[in-house]
Every structure is written in C-alpha cells, then in structure tokens.
Amino acid sequence: MATVSLQNLYKTYPGGKTGEVTAVRDFTLEIADREFIVFVGPSGCGKSTTLRMIAGLESISRGELHIDGVRMNDTPPKDRDIAMVFQNYALYPHLSVFENMAFGLKLRKTPKDEIQRRVAAAAEILGLSQLLDRTPKALSGGQCQRVAVGRAIVRQPKVFLFDEPLSNLDAKMRVQMRAEIIKLHRRLQATMIYVTHDQIEAMTMGTRIVVMDAVLNPATGLKEGVVQQIDTPLKIYHEPANLFVAGFLGTPPMNFFKGTLHQESSGLVFRENAPGSLTLSLPSRPAAATYVGRELILGLRPENCRLAPADASDFQATLEFVEPMGSETYLYAHTGAHAFISKNPGGHETLAPGTRQSFRIDADRAHLFDPATELRLVM
C-alpha cells in the first residue's frame, strides 16, 4: 500500500474581507502504510475538503501532498492511484452490480479475464456474489454501499478514501457496515482515510483520529477548518487537548462546571461559583499551585459521576429527567449552578424527577481547563 504525507495544506476560495476564504488552514499529518485514519468533526470544519484535496478533486492552495514519497499536488486524480467511496454511492443506475464494479477497470482497458477475477474476488469478500446481475434499484442501501466499496477494491489502489459512506444508512445498517469496513481493512491491510461527523464511528474504526473544528478567524470574521488533536481514540478520549475535543468526543458528552481551585488543609479543592453547589477534593498535583485561586473549568465524563449512597457522596443535585437505555441509564440533573449528565448501570429508571439525589465523583478522572485558552491543564 502507501504512506501519505500532508504538509501545511491550505484550501482557500475567493471572497471575504481579505479577498479569500480559508476552508482548511495549515493541515499537517503523516499517515503510515496500512494505517486507518479517521477525520472527524462537525459540519463545515474542512474534513471532506481535505479528503478531496488528497483525491485531487480540489486543488491545493498551499502546502505539499506526497503519496509514497511522490509529490501529488498537480497530479490528476486518475494518476494518484487512489479509490474513493462517496456518501451517495455514485452507482450507475442502468448498469448491473458486476458492470458497476468493473467500470473503472474497463476504462483502464484491463483484460477481461482479469476484470472477471477481480470482481469475483471482491464480490466474495463483500457478500455480493449472488447479486452481480442486479441493478442498483433492486438493492438495499447497505448493498449499494457494498457495491461502491467493491468498485474501490477491484482497483487495488494504494489508498482508499471514504467520504461519510454510512450517512445514508439506518442505525442498524450503519453498525453492520462499520464492522464490515473494519474487517475489510484488516483483510486488505490497506491504507485508509475515512471522513465522518459521527464520533462513534471515529472511536470504533480509526487507529488514529484527526479531530477538526471550524474556528473563527477574528481578522476575517469567518470560520476556518483547523486540526484540534491527532492521536489514538482512547488517548483522545482520556486526554483531550481542549474543551472542544472533550465535549465533542463521548456519548453523552463531558460535563463542564465553572469554579475556582483552592488550596486547603485537606488538599486541592474545586468549588463551583455558586453557593451550595459542587465542591470536589482533587488528588495532589505537582503544578497545581500555579492555578490556585484562579477560575477554571472542571470536566467530568458522565460515567465518572454516578449515583451513590448519601453517606458516601460528594454532592447532591436535583434530578430533572431519566433516560433509560437498557443496560445503562442516563440521569439529567442540576446542582443549582450547572446541569450535568450521570451515566449509570441500568436499573434506575424509576427515579422520580424533582427529587434530590446523591452523586459520587471519580476525582482521579477529573479534567481541568483554562477558560481563557480552553486548553486542558496538565498538572
């Protein structure tokens, strides 16, 4: 397969106060051979634009793109040895499954027996062998997506690109196709770059995740797509770089509490900025003295803030409503100053809204953020 190197990529369009609009700013990433990279972020953050620059469907305004060490900035898409799977499948409705999968090979004048062999092999991998004579209108959404993936596989490209390929599928089919793409990556040992706005897809599929966001540029008054963090899924989940990453990844999202850090005889204490609200003792941290007396933001994952007996709790809060999820129960409550979500095992569905409940916090899992820079504090 191949390595992919993106060095300081920019994508700009005419317009704006300065004469240009920046869709992607200073994107830098080294992708190893056979790696599965996921670009994730909200709509408008530049993730699909970056993918299209790799594919050659968008020109690169500034920066360098290399595939297997070869500069690709000005190379036409057909000569980049990549294959792209689109959100809307992009199948020819009048062609059969076989003809759709073979179309690119025919354009390259691949011998007929080789086309037959490659299509049959890809169809076997994707469970399409019995559907080769059907047209797309006779297929389900999941089957159409597998045909689109099969069309990419037969090309035997250096790099596979996926642009939100599961967005048009229902929830059950998304889970199934997600598993199939993961297995396909392991089987082909291919270099894959996958774009999604779904953080569950990102967490479960990628060997590394690139978290992007659209950040306001004060000079232009416009938002620009920038990278917020690049790392493994668990590293990003447990050590988010900033408030955006912490709040974007995780279901339900991380809870945030505004308060002040104090040094007391018992140790470090975080107090919410409201009477009778959250007070939490924190583990001793070497660099904490720098932040004592400052207003900070405390971040807690919902699973680290659970129901507890009154004599073993850290604080009490008023229950607003209960969301039963089967094996888990989400409790939505407020301390008086801030609303938060508590993630608990199933069995708490009968708790009554409006009642006071006791909660215990895993202080070792607490995060502190600087409200000015929004960066996570490493203490």
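In this chain, residues are counted from 1 in sequence order.
- The CD1 atom of Ile181 lies 4.5 Å from the CG atom of Leu166; values are rounded to the nearest 0.5 Å.
- Using modelled atom types, one side-chain atom of Asn344 and one backbone atom of Leu307 make a donor-acceptor pair closer than 3.5 Å.
- Annotation: cation-pi pair Lys235/Tyr237 absent, no NZ/CZ under 6.0 Å from the ring centroid and within 45° of its normal.
- Residues Phe160 and Leu188 meet the side-chain proximity criterion, which asks for heavy atoms closer than 4.5 Å.
- Aromatic ring centroids of Phe340 and Tyr332 lie 6.0 Å or more apart.
- Note that the CZ atom of Arg208 and the CD1 atom of Ile31 stand 7.5 Å from one another [nearest 0.5 Å].
- For the atom pair CD of Glu323 and CD of Glu328, the computed distance is 11.0 Å after rounding to the nearest 0.5 Å.
- The closest side-chain heavy-atom distance from Leu282 to Val269 is not below 4.5 Å.
- Looking at His367 and Phe369, their side chains come closer than 4.5 Å, going by heavy atoms from C-beta outward.
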For residues 104-111, please give each side-chain donor-acceptor pair under 3.5 Å, one per line with the distance, not counting sequence neighbours.
from, atom 1, to, atom 2, distance (Å)
Arg108, NH1, Gly104, O, 3.1
Thr110, OG1, Leu105, O, 3.1

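- Pairs of residues two or more places apart, or lying in two chains, that qualify as side-chain hydrogen bond (donor to acceptor under 3.5 Å, both in side chains) and include a residue from residues 192-207 are Glu164-His197, Arg178-Thr204, Tyr194-Glu201, Thr196-Glu201, Gln199-Thr251.
- For an aromatic pair to be called close, the ring centres must be under 6.0 Å apart, and Phe98 with Phe103 fails this.
- Rounded to the nearest 0.5 angstrom, Glu64 CD and Asn8 CG are separated by 9.0 Å.
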Would you check, one step at a time, whether the test salt bridge (Lys or Arg N to Asp or Glu O under 4.0 Å) holds for Arg117 with Glu114? CA-CA 5 Å; Arg117 185 188 67 78; Glu114 179 66 9; 2.6 Å; yes

